[in-house]
Structures are given as structure tokens and as C-alpha cells.
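Encoded as C-alpha cells, the structure appears first; notes follow it.
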Amino acid sequence: MSTMLSLSASYYSCSSSRFFCPFSSRLFFPRARRIPLSRTRRNLSVVASDRENGVFRSPEIAKTFDFAAEERIYNWWESQGYFRPNFDRGSDPFVIPMPPPNVTGSLHMGHAMFVTLEDIMIRYNRMKGKPTLWLPGTDHAGIATQLVVERMLASEGIKRTEMNRDEFTKRVWQWKEKYGGTITNQIKRLGASCDWSREHFTLDEQLSQAVVEAFVRLHEKGLIYQGSYMVNWSPTLQTAVSDLEVEYSEESGYLYYIKYRVAGRSDFLTVATTRPETLFGDVALAVHPEDDRYSKYIGMMAIVPQTFGRHVPIIDNKHVDKDFGTGVLKISPGHDHDDYLLARKLGLPILNVMNKDGTLNDDTGLYSGLDRFEGRKKLWAELEETGLAVKKEPHTLRVPRSQRGGEVIEPLVSKQWFVSMEPLAEKALQAVQKRELIIVPERFEKIYNHWLSNIKDWCISRQLWWGHRIPVWYIAGKDNEEEYIVARNAKEALEKAHKKYGKDVEIYQDPDVLDTWFSSALWPFSTLGWPDICAEDFKRFYPTTMLETGHDILFFWVARMVMMGIEFTGKVPFSYVYLHGLIRDSQGRKMSKTLGNVVDPLDTIKEFGTDALRFTLALGTAGQDLNLSTERLTSNKAFTNKLWNAGKFILQNLPNESDTSAWEKILSYKFDNEGTVVNLPLPECWVVSKLHLLIESVTASYDKFYFGEVGRETYDFFWADFADWYIEASKGRLYHSGVGDNSAASVAQAVLLYTFENILKVLHPFMPFVTEELWQALPNRKHALIVSPWPETQLPRDTSSIKKFENLQALVRAIRNARAEYVVEPAKRISASVVANNEVIDYIAEEREVLALLSRLDLQNLEFTNSSPGNADQSVHLVAGEGLEAYLPLADMVDISAEVERLSKRLSKMQKEYDALKSKLNSPQFVKKAPEDVVRGVQEKATEAEEKINLTKKRLEFLRTNVVVSQ
């Protein structure tokens, strides 16, 4: 037994595999005579005890892979410490900071996508011997979490405003402790091999210290300031929200036409607007300077309706769209982003006519206190009464809504804290230009560069109670904008206040919190210990390697991490950014509750298994959206089953573990040795050579992040080459070897085992559960698959054998097609003459048993010759390739008289169908009145029918000739 283990060490040091193509319907286990190989339970590997303890199930005793095993396998991996970085085999780490999902989140397909792709990268690099660290964690999600808890409190009859801040945040923490782990457990269900011992939460003490430190340092450099600017305002939440938290929806509304009188004249200018209630904030009317309708009014004043005669100037601006509405634009800079920028440029005043709760303020006069939409209705009614309402017409609006609360967002000027971004953006731009940061796919570099080149200052304050409190303290009785202190904590703030204002001074902290994205921007280094640059994890794992996320947050998160990483650490926080697309339904539509097309990953896992879901998601292309369909999932579930059946077949055809001599023979094959490979029989040399080519190709694709290519190639190799061809060919070795001659069986067993274990290795990053389960069932496992060495590249391959076997395949396909064409019974074995030159005959004839097995030929009546056989004129002639032909005696395949009768009836039926189609086409009325595509369809059917008739006639002629000859 010790001899076997030492031999297996050299044998199992190398492996490989590949991906994608539908299976043949043939079963793996034909009822053929087989070598009597008794089966016993193997227990050679170091993980045998785990199999015996019920962690793993063998295909020998389980019909299919049980999806319930996934959680059991995952827990075993974690318990063995496989998810933690291991420096035993390498020192160059591969690190991914996980995009932290919201602590309120529930698993959706976007999560499934990033978990799948990141886990593929981690598992691949772990097998390559790199210390891998996938840093998990969750985001405190300020707005989302506060909303959830407020709703929970409301169900108890409690309003947040009835509590003080400390009481409310205490309830939020309680909620987080109870429900905050939901998303983490769901991510585990997807197979995420994260180092959970390093899991972080953005409100952890250490991360909170990092946030404060970052704010203080930016402020000290003059990059953080306070000011009043236009923001996205949520009236329900009463806080500013980021651009990412605003979703625009196409909604039905109206375009209102309102008359503004020109001051001092009887003329009126008609304005078209979607928001008439904002006219109270109008500061000007604008027209295009070349619009002949209005150019005479430029420089005059207009009177704003319902404002007791307030005058505003009529100005010219080349950006006014002459064709929209009436060509006259009202400028309301307090409630429109574009108007705000224009007003600042032209020095126009900015009027705000709304309160923070979305009601109209005192500047609207009699409308004060009304909700903005109620105010709109009342204003329009009164404009109609006064004759200033011209009309309202239906119009499709692009309405900004809160991603969290769903209410309409109000552009509003508000005093907030901002980060000056231009100084930070310059270095982030240079990082890409200098290739210190690689964005995949490359086309997103242009978008990244454009955004950073046109960057705006970042509003980082939020009017919430849940989040990182802004580390600013104000002096009681002083102007907030001028008299404030920035400090790392309250004690330091008070010391600074005492020093500057005296011992009797009182201070209070800014009530706002920081934008959640501010803490997320520090994620790659705050999770590793920053600002403590001496922290062990920071020294070992920073900068990280890869940031993988959706392309939709390239600006909001990725670019900010790059800027902050360079600013605070002097280094780009990661070397690569991999951007995935959105997951859409089978029709290419975005998933939404409104459409009812949302697919729940957990439901999908229950039905199809985690491996099938991951494999489906991973087949996309970087940056491209992926259409998810039941058909794809079903196909990849079948792929899982095919792997399982292949494992079952191999296990049932390996020798008994006690048969030392048989195992020594199997393990004597060194497939990393060129001499061994080129001296293998043709099918074995072909499949091993193809395997080695696959390993090289997919390894290169893994390294380039071409995961879709890895999946497709591996699927193709396993299904089309290994399962459909080599497993079928191997049955001749396994079941038909002569008594006392097991050499043919040994080579087949060695190749089956070697090829399959390498397939499992290459597929493991995609399909971790079924591959680990199958791996553990194979003999002599020294390591779990998750930590097994990746196959070597540049392994020997014989290209001439690949070409030879492809010729054999072409011959088999030609014979199979002929059998199908002549409806030969599947079990019937037929005669054949193979015609080729001596070189081809040598290698084809050597594999006559394989040819007969795969083509269902009568081995006793299979001949190889240099010239056409004597019965060639009574045979079906096949050309398999250049210089390779075959003749199949017709009488050996079918009852010629019965076939003539069958085809004659078929020809008669086809002729009637063809005549009916031609009759339609010959009818001028049909051709004239029927739609063009219908006529074209009938023409195509007629052409196809004519081709079939001609082919059938030729076959009948051939058959009748043979009937005459035979008579």
C-alpha cells in the first residue's frame, strides 16, 4: 500500500480539463460484458474520514448529486480553514475586497453575479498556490437601514421623531444584531470562499476610526468645505441623497402652457413647463437669440403669474431648445439642476420656494403650506380662472424617484458638506494612463476618464441619524459656517474649543452623518487596518489585487476608492477593476417587481443547484448584460448530472483497491512525460493531448479574466470530447479485453482517471460543490480539491494523433449519418469496407474495435483496403475526408424492397404537398393579396420540398437499381 501512495504522488501532481456542449443521449453503462472488477469502499486518502463521517457522498451510491450536500460541503471547507490565506506555497497574495452589500439586503441576482465571479478568481488563484484573501463585509446603508427601522417602529405605533437620537440608534443596532446576518448567510449559500474571520461592517469601531481620520485629513488639506449648493433632496426622508440613489422612471404627466405678460406691453409670452408650482421661484425667462419670434423681447421684463406683479428679465441663451414647447424657457434655479448652473454662471438670484418636507414655503404667498403636488393643482385651477392657463397636454416625464423611499426627488439648494474632487481626480486619471490600474473591459476607461475629467464636488453629508456622525463641532452662539471645530473625537474637539474660545465655551456636534459612499470609498484599506499602516494585514495585503463590481457604480464607488486610496496610502488600492453587466430576463428586460420578472437566486438554487446557477452566470462577457433563462439553467443542471454520471462510470470501472498490481500499472503512466503520451493508443493519445491543450488555453483565459471562454471550452471538451467520444471508446478496452490481458483496460483506466480529475480541477472555480463531491469519491485523494494544485501548463501533446483521431471521428459520423438516413435499427451491426492509403489504414485498422463499437459495425465483416470493393455499386458510398472513404453494403442495412415501398409512399405524399404549395404560388390573387412575408414563406417551403423530392427520387433510383442487381 505504501508503494501505491508514493506512486500516486507523482501521478496526481499534474491535471487538467475544459467546458461546453450538449450530451449524447447514449447511456454510459451499456449491457456489455465487462472485466470482473469487484468494488470496495476506498479509504486511502487523508480525507477518507470525512467521507465516512457523512460529509461526502459517492456517485457509486447516489443516483444524482444532492443539492442539499452543498451546505454540508461548504461548512466542511470553512471548518478546515481553507478560506484563510495560506503562505505555505507562495508569498504573492491575491486579494479581493468584496463589494459590501447593504446590511438590509436580501440576495438578488446582482449579488449572485459578483459572488460567482469573485469566487472563481479566488478559487483559481488559491489552486495556483497564491495566498488568497477575499475580504467580506456589509455596509451600514444609512438611508435603507433607517427606513427599515422606522417602518418597524411605525408598526409598533412609534415615530422616530418621538425618540431621541441615542434611543433610535440603539434600536437600529438591535435590529442589525437580529437581522444583519441574513445577507451574509445567503452569500455563503452561493459558495463564497471568503475569509469570514476578517468580516467587517462599515460601522465597526476600526472602520469608524478610519472614516473620521479621512475626514480630518481632507479638511486639513482644504478639500472638505461647507456650502449651499443644489442637491437631490428626499422630502420624505428629509435628507440629501446621492445620484446613485435617484432612479429615473418614464411616467405619464402633463406639459402646462402658461402666459407671462411682457411688462409695459399687452403682449404675452407662453411658457411650457412640467412643474408649474416652481414658477414662484422663477428668476428669468430665456429664449434662443436666433429665434425670430422672441428676439424683440430680449432685454425686457416679464411678469410672473400669481406673484402680485413680480418682474423677471427676458434673456437670451443659445442652449434654449426652440422646438421644445413654445421655445420660451422659465429659469427656476432653486428647483432645477440645469437652471441652477445657468443662474450661477449669469449671476442670477436663486429662489427656493419649498420647505424640506416638500410643502410650498412662505414665498409662495397663499399657497404656503400646501404639498407641492396639491399646490400644482390649485395653481393651475386659478391660472385657468384668470385666463393665464393656455392648455395642458399629455407628456411623458422623466421623473426622479428615491431608490429607497420611492418618492419624487426634489432638486433643492441646501447647506451641506462637500469634498473638492478635482485635486483628487487628477492622480486617479494618471493611474489609468500609466497602467497602474487596468480596467476590464478596456472600453470603460473612456467613461472613467470622462467622468473624472468633468468631476463635480461631492456632497457627503446626510440628514440622518444612522451612520458615521460628521466629526465637526460648533460653538454655541456662533455662526455655523465660520465657527466650527474638526476633531477626531469629542474630547479633542472640546480641548481645541477651550484653547481657542476659553474654558466656558459650549460645543455641540453636527447632527448630520456622512454619505454611506464615503466609508465605502475607504473599504480596500480600512478593512486591512488603515490608518494603522503598521497593521499586519495592511502590510501583507495592501494594495489589493482585484476590485470586481457592476459597471453601474464605476463612478460612485470605484473611482472614489481609487482617489481615496492614492490620497491616503500613496498607492492605487487595486491593480485591476473587473466590471460585470446587469442580469436581465430571457427577453433582455431589466428585472423589476413591476414587470414580475425578478428571479430569486435561492429559489433557483433549490431547483437547479448552486453549480448550475454559477456556471450560467459566469458564461457572460465582462461588461455585457446577461439574459438569464430557464433553458440555460436547465441545460447547465444537465451538465452537473453529466459530470456525476461520468464520475459514476469511472468509479465503477476502476480496480479493487486491494489489487496492488493493477493500481501500480495505472499509476505507472506519467502523462507529463512526452514518451508516455505519444506511445498511448490513438484514442488515449488524442484525449490526453486535447486535455493538455485545454489546460493551456483555459489557464491563459483565467489569467486574462475571460471566464466565459473558460466555461465554454471546458464544457465543450468534457461533453463533446471526453463524454461523447472517449468514454464511449474506452468501453472497448474495459469490457472486451482478452482474459488475462488487462493492459488495454489499465491504459483506459489511467486515462479516464487522469482526464476526469483534471476536468474537475479546471471546473472547480465555476462549480465548486459537485466537483469537490466527485473529487472526494476518487481514490488516493491527498488534498481537498479546493486546495489541490492547479494543473501544469505546456504538457506534452501529439498533434498528429489529434488529426488521426479526427479522421476516425469523421468516419464514425459518416457511418452514423448513413445509418440514420436509411433507418437502420440501432442494435443492428452492419458490414463495411474502409478505403484509404496504407498510412491511414494502419492507424484506423489498429483501432478497428473502437470503430466497430462507435459505429455499430460487424467486426467480422469489417475490411480495410486500398481500392473500392467488388460490391461498391450495391453499397452506400461515404466520403469521410480526403483520402478516407467507406462502402456500406445496402442489403446489409435494410430490406431493399420494403425501403423502396416506404420511400415511394413518402415521395407521393411530398409531391402532393409540393403541388399544393406551387398551386398557391401560381395564384395571382394569393401573390397579390397575401402579406409579403407570407408569400416568401410559401416560396421557401416549396423550394425545400423540391429539394427533398429530388433527393428521395435519387435514393429510390439507387435502391431500385440494387433490387434489379440482387434479382
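Everything numeric in this text was worked out from a predicted model, so none of it was measured. Below, each value reflects all heavy atoms present in this structure, side chains not excepted, and no hydrogens, waters or symmetry copies.
Relative to the ring axis of Y542, K571 does not place its NZ or CZ within 45° and under 6.0 Å from the centre.
Using bins of under 30°, 30° to 60° and over 60° for the plane-to-plane angle, the ring pair H395/F324 lands in the perpendicular bin. A tilted orientation is assigned to the rings of Y508 and Y474, their planes being inclined by 30° to 60°. Ring geometry, H111 versus F114: the interplanar angle exceeds 60°, so the pair is classed perpendicular (tilted spans 30 to 60°).
Inspection of the H551 and Y578 side chains reveals no N or O donor paired with an N or O acceptor under 3.5 Å. Side-chain atoms of T202 and H140 include a donor-acceptor pair closer than 3.5 Å. Using modelled atom types, one finds no donor on one side chain facing an acceptor on the other under 3.5 Å when comparing D119 with W134. The closest side-chain donor-acceptor pair between S461 and Q416 falls under 3.5 angstrom. Using modelled atom types, one finds no donor on one side chain facing an acceptor on the other under 3.5 Å when comparing Q209 with E213. Remark: the D336 side chain and the S332 side chain contain no N/O donor-acceptor pair separated by less than 3.5 Å. For the residue pair N102 / T104, no side-chain donor-acceptor distance below 3.5 Å is found, with atom types taken as modelled.
Between K322 and D291 there is no salt bridge, since no side-chain N of the basic residue sits under 4.0 Å from a carboxylate O of the acidic one.
Between F538 and F525, the ring center distance fails the sub-6.0 Å criterion.
Remark: Y706 OH is loosely packed, at most 12 non-hydrogen atoms of other residues, nucleotides or ligands lying under 6.0 Å away.
Residue L522 holds its CG atom at 8.5 Å from NE2 of H468, rounded to the nearest 0.5 Å.
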